[in-house]
Amino acid sequence: MTIRTRVAPSPTGLPHLGTAYVALFNRAFAHQHQGKFVLRMEDTDVERSDPTSDQAIQDALRWIGLDWDEGPDVGGPLGPYRCSERLSIYHDLIAELVAIGGAFYCFCTKERLDSVRADQRQQGHVPKYDGHCIGLSTQEIQSHIEEGKPHVIRLKVPTEGNCVFHDTLRGPIEIPWGQVDMQVLIKSDRFPTYHFAASVDDHLMEISHIFRGEEWLSSCPKHQLIYTYFGWEQPELIHLPLLRNPDHSKISKRKQSTSINYFRRCGYLPEALLNYLATMGFSMPDEREMFSFQEFREAFTPSRVSTSGPVFDLAKLSWLNGQYIRSLSHSEFKEKLGDWAFGDGRADSILRLVHDRTERFDDVFSQADYLLGERAILKAELFNHKKITSDDCVRVLYFSQLLLEQIKNWDSESEVISEAFKQLAELLELKFREFLFPLFVAISGRSVSLPLFDSIQILGLDVVNARLRSAINVLGGVSKKTAKRLDSEWHQLASQSIFTTKTN
RNA sequence: GUCCCCUUCGUCUAGUGGCCCAGGACACUGGGUUUUCAUCCCAGCAACAGGGGUUCGACUCCCCUAGGGGACGCCA
């Protein structure tokens, strides 16, 4: 049997550390066995999928050294490798599944489902589909469809007994069928859900082993059912532990930077980051902690993967990165640093901002320091201002994070960013000057710096977010309660118009 | 709330019944080398969640409790 593995990210945001983490194990395992490693884009969510993200994920995986044998750009014998290009496959198969009684049409409205689930929750039951449409006759279904009623197709799930499936690291796992929801397989927009697309594609792409995050453990019964209905053979499942925040919750961008690009922008070497990721949940037989992908690929075996969730520790990553940087030859060091600081036209963008503000060449670097490297370490006093309180500063910074996340065409003219911020200042009823103050401090470490929005653009979303977050923390952070309040305030502001029209 | 997964130093981990009154690494502390700093070297601090079994013997196997995490969407 040929070993085939895959990573299947959804192109709905910044390239995530977890994607690289999972890809690392899949690629190493496949290549250790002379197999193939596949990249598949799970763009099944039409609302959130975005070609920019699709591209960014590919770029990031390539940067870190995890390229693929088959994928959306390089093609391959079992393509296409993007879900949105495989719709007819899903439609054919779902028809088959309905025909053999493994799935059924459902015409329930969102309102009905919400109220059913609310009731179930209140009674302490697992919220799930109540089977309302399961007994519809062919004629009823036919007439509903002819009337143009919106509908989905759901998986038919047994009500009795347990589902038993096998995880390589954990052995057999038993989940009562009563816990499993009658998952939507085809949405009302005719797109498949992840569960259906992934199951179908893994089979058709002849995936033999799936290394993926532990978060998927509880949806295994659904996937297993689909395989059983079709009579397909199940791939071997290896659920990797979830990367954790320092507080041990699942790693999340609210608590720390999770974008691969952030680490790239901070000057981590791809080999070092990949090496560090490999030490999360895996250890070398000789306990060596510094090793190349090559060495990892040769030594890897699922039995050396641990099951408890590792905290992603920036201090240790930095130490490892230091080991790599110091082992570079001087010319390599010079070259890599140069690319990092000035590559991709960065020198031009930065120098254009500095040029007019320069009287002597020795002015240049002190002005641009926060664009070239980390900004000064912030102290709360830096945010003292006669007009704007510390609470206001937190508000501005918090909302700025939310606003920036909504801006999709980040790389276009900087007016997009400045316009959005102007509107935000207005909504917050703050003078633009005052509104900008905490942002200058957060981004540059100073209340006076090079133009803010150009700086934001040069630094990029990943770094800007990290700086905003650290500034908020310096100001005492945002409690869960406050965050909730600010979030709801944000929704109100957003509903008052603006951002969506201007920023997308 | 229900179900599932997990549990060795603060963190990453070694450990697959005796080699372990638990080893390594990061962080931290102290010392040494160095014109400062960093590197480097040496030393120190620090853990088997708790309780029951099984066994001649349990960090290792089983059960219970506790704690942590995840899932419960027409998100992935």
Side-chain angles (χ1 to χ4, degrees), chain A residues 8-13 16 18-19 41-49 83 106-110 113-114 117 120-129 150-154 162-165 167 169-198 212-222 239-251 276-290 303-323 325-327:
Chain A
S10 72
T12 52
H16 198 276
T19 305
M41 281 294 171
E42 296 280 335
D43 56 346
T44 52
D45 185 335
V46 181
E47 277 282 298
R48 296 201 303 147
S49 290
C83 293
C106 168
F107 299 86
C108 293
T109 61
K110 189 177 179 307
L113 295 172
D114 284 347
R117 275 195 273 259
Q120 288 165 331
R121 229 178 257 276
Q122 206 164 30
Q123 289 170 40
H125 295 137
V126 198
K128 53 176 195 166
Y129 186 65
H151 59 275
V152 301
I153 300 176
R154 287 178 185 274
N162 294 335
C163 170
V164 182
F165 61 94
D167 175 89
L169 304 178
R170 286 160 257 258
I173 295 173
E174 212 171 321
I175 296 180
W177 282 117
Q179 287 289 323
V180 182
D181 198 6
M182 304 203 192
Q183 178 66 46
V184 170
L185 262 21
I186 297 288
K187 311 182 221 185
S188 55
D189 64 3
R190 301 287 286 148
F191 268 67
T193 56
Y194 176 87
H195 297 286
F196 189 60
R212 43 134 85 125
E214 198 185 354
E215 62 208 308
W216 293 104
L217 225 34
S218 53
S219 33
C220 286
K222 295 168 188 172
H239 289 92
L240 270 7
L242 256 24
L243 264 20
R244 306 293 182 89
N245 295 314
D247 68 2
H248 291 95
S249 54
K250 165 173 148 178
I251 199 169
Y276 182 66
L277 248 16
T279 66
M280 302 269 84
F282 171 82
S283 62
M284 279 293 198
D286 62 359
E287 295 195 57
R288 201 164 19 131
E289 299 194 281
M290 196 172 168
S303 68
R304 294 199 65 84
V305 176
S306 55
T307 43
S308 56
V311 171
F312 192 86
D313 181 13
L314 278 174
K316 189 147 184 183
L317 169 61
S318 294
W319 166 79
L320 225 208
N321 199 54
Q323 299 292 313
I325 286 193
R326 282 188 285 268
S327 73

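Remember, predicted model here, so these are calculated numbers, not experimental data. Lettering follows sequence order; numbering is per chain, from 1.
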*asked:* Taking the side chain as everything from C-beta on, heavy atoms only, tell me whether S283(A) gets closer than 4.5 Å to R304(A).
replied: yes

*Can you tell me how far P in rU8(B) sits from the matching atom in rU60(B), rounded to whole Å?*
12 Å

_As a quick check of understanding, evaluate side chain to side chain contact (heavy atoms under 4.5 Å, CB included) for H239(A) and C220(A), giving each step before the final call._
CA-CA 10 Å; H239(A) 289 92; C220(A) 286; 3.4 Å; yes

*What distance, rounded to whole Å, do you find between the two C1' atoms, one in rC59(B) and one in rA43(B)?*
27 Å

*asked:* In whole Å, I'd like the distance from the CD atom of E214(A) to the C1' atom of rC3(B).
replied: 14 Å

Grab the N/O contacts between the protein and nucleotides 9-12 of chain B below 3.5 Å, and write none if there aren't any.
residue: rC12(B); atom: OP1; partner: V311(A); partner atom: N; Å: 3.0
residue: rC12(B); atom: O2'; partner: T279(A); partner atom: O; Å: 3.2
residue: rC12(B); atom: O2; partner: K316(A); partner atom: NZ; Å: 3.4

*Roughly, in whole Å, what's the span from CG in L314(A) to C1' in rA27(B)?*
13 Å

_Any salt bridge linking K187(A) with E47(A)? Criterion: basic side-chain nitrogen under 4.0 Å from a carboxylate oxygen._
no

*So which nucleotide does rG44(B) pair with, by the Watson-Crick or G-U wobble rule with both distances under 3.5 Å?*
rC28(B)

_K250(A) side, atom NZ; R244(A) side, atom CZ - distance, nearest 0.5 Å_ = 10.5 Å

*What is the pairing partner of rC37(B), taking Watson-Crick or G-U wobble pairs with both distances under 3.5 Å in any strand?*
none

*Are the side chains of P9(A) and M41(A) in touch, meaning some heavy atoms are under 4.5 Å apart?*
yes

*Starting at the 5' end of RNA chain B, which residue's closest nucleotide do you reach first, R244(A) or L217(A)?*
L217(A)

_Side-chain ion pair, D313(A) and K316(A), N-O less than 4.0 Å_ = no

*asked:* Could you tell me how far rA46(B) sits from rC26(B) if I compare only their C1' atoms? Round to whole Å.
replied: 13 Å

*Under a 3.5 Å limit for both distances, which nucleotide forms a Watson-Crick or G-U wobble pair with rC72(B), could you say?*
rG1(B)

_Evaluate H16(A) against I251(A) for side chain to side chain contact (heavy atoms under 4.5 Å, CB included), listing each step before the verdict._
CA-CA 10 Å; H16(A) 198 276; I251(A) 199 169; 3.8 Å; yes

*In whole angstrom, what separates I173(A)'s CD1 from rA71(B)'s P?*
15 Å

*Return the value, rounded to whole Å, for the distance between atom CG of D167(A) and atom C1' of rG70(B).*
14 Å

*Full working for side chain to side chain contact (heavy atoms under 4.5 Å, CB included) between Y276(A) and L314(A)*: CA-CA 10 Å; Y276(A) 182 66; L314(A) 278 174; over 6 Å; no

*asked:* Rounded to whole Å, please give me the gap between CG in L240(A) and P in rU13(B).
replied: 11 Å

*asked:* Distance check, P atoms only: rA27(B) and rC12(B), in whole angstrom units.
replied: 15 Å

_Taking rG32(B) as the reference, what is the distance to rU16(B) when you measure between their P atoms (whole Å, please)?_
40 Å

*For R304(A), report the nucleic acid contact type (base, sugar-phosphate, nothing); a contact means any heavy atom under 4.0 Å.*
sugar-phosphate

*Within this structure, what is the NE2-to-P distance between H239(A) and rC5(B), rounded to whole angstrom?*
12 Å

*If the sugar-phosphate is the primed atoms plus P, OP1 and OP2 and the base is the rest, what is the B/S/- string for nucleotides 46-51 of chain B, using protein heavy atoms under 4.0 Å?*
------

*Between D43(A), V46(A), I186(A), which is the residue that forms a side-chain contact (heavy atoms from CB on, under 4.5 Å) with F191(A)?*
V46(A)

*Can you check the W319(A) CH2 to rA27(B) C1' distance for me, whole Å?*
12 Å

*Take D181(A) and R117(A) through the test side chain to side chain contact (heavy atoms under 4.5 Å, CB included) and record every step on the way to the result.*
CA-CA 11 Å; D181(A) 198 6; R117(A) 275 195 273 259; 4.2 Å; yes

_Would you say that R170(A) contacts E214(A) through its side chain, given a criterion of any heavy-atom pair below 4.5 Å between the two side chains?_
yes

*Spacing between L243(A) atom CG and rG69(B) atom C1', to the nearest angstrom*: 13 Å

*Give Q323(A) one of three labels, base, sugar-phosphate or nothing, depending on what nucleic acid heavy atoms sit under 4.0 Å from its own.*
sugar-phosphate

*Check the angle between the aromatic planes of W216(A) and H195(A) and answer parallel, tilted or perpendicular using the 30° and 60° thresholds.*
perpendicular

*Can you tell me, in whole Å, how much space there is between the C1' of rG73(B) and that of rU55(B)?*
50 Å

Pairwise N/O distances under 3.5 Å, protein to nucleotides 74-76 of chain B:
residue: rC74(B); atom: O2; partner: S188(A); partner atom: N; Å: 2.8
residue: rC74(B); atom: O2; partner: S188(A); partner atom: OG; Å: 2.7
residue: rC74(B); atom: N3; partner: S188(A); partner atom: OG; Å: 3.1
residue: rC75(B); atom: OP2; partner: K187(A); partner atom: NZ; Å: 2.5
residue: rC75(B); atom: O2'; partner: D45(A); partner atom: OD2; Å: 3.1
residue: rC75(B); atom: O2'; partner: R48(A); partner atom: NH2; Å: 2.7
residue: rA76(B); atom: OP1; partner: T44(A); partner atom: OG1; Å: 2.7
residue: rA76(B); atom: OP1; partner: K187(A); partner atom: NZ; Å: 2.9
residue: rA76(B); atom: OP2; partner: Y194(A); partner atom: N; Å: 3.3
residue: rA76(B); atom: O2'; partner: S10(A); partner atom: OG; Å: 3.3

*Could you tell me whether the phosphate oxygens of rG70(B), OP1 or OP2, come under 4.0 Å of any side-chain nitrogen or oxygen in Q179(A)?*
no

*In Å, rounded to the nearest 0.5 Å, how long is the span from CG of L242(A) to OG of S308(A)?*
12.0 Å

*Under a 3.5 Å limit for both distances, which nucleotide forms a Watson-Crick or G-U wobble pair with rC19(B), could you say?*
none

_Using the C1' atom as the point on both nucleotides, what is the distance between rA22(B) and rA66(B), in whole Å?_
24 Å

*asked:* With rounding to the closest Å, how many angstrom separate the C1' atoms on rC21(B) and rA47(B)?
replied: 13 Å

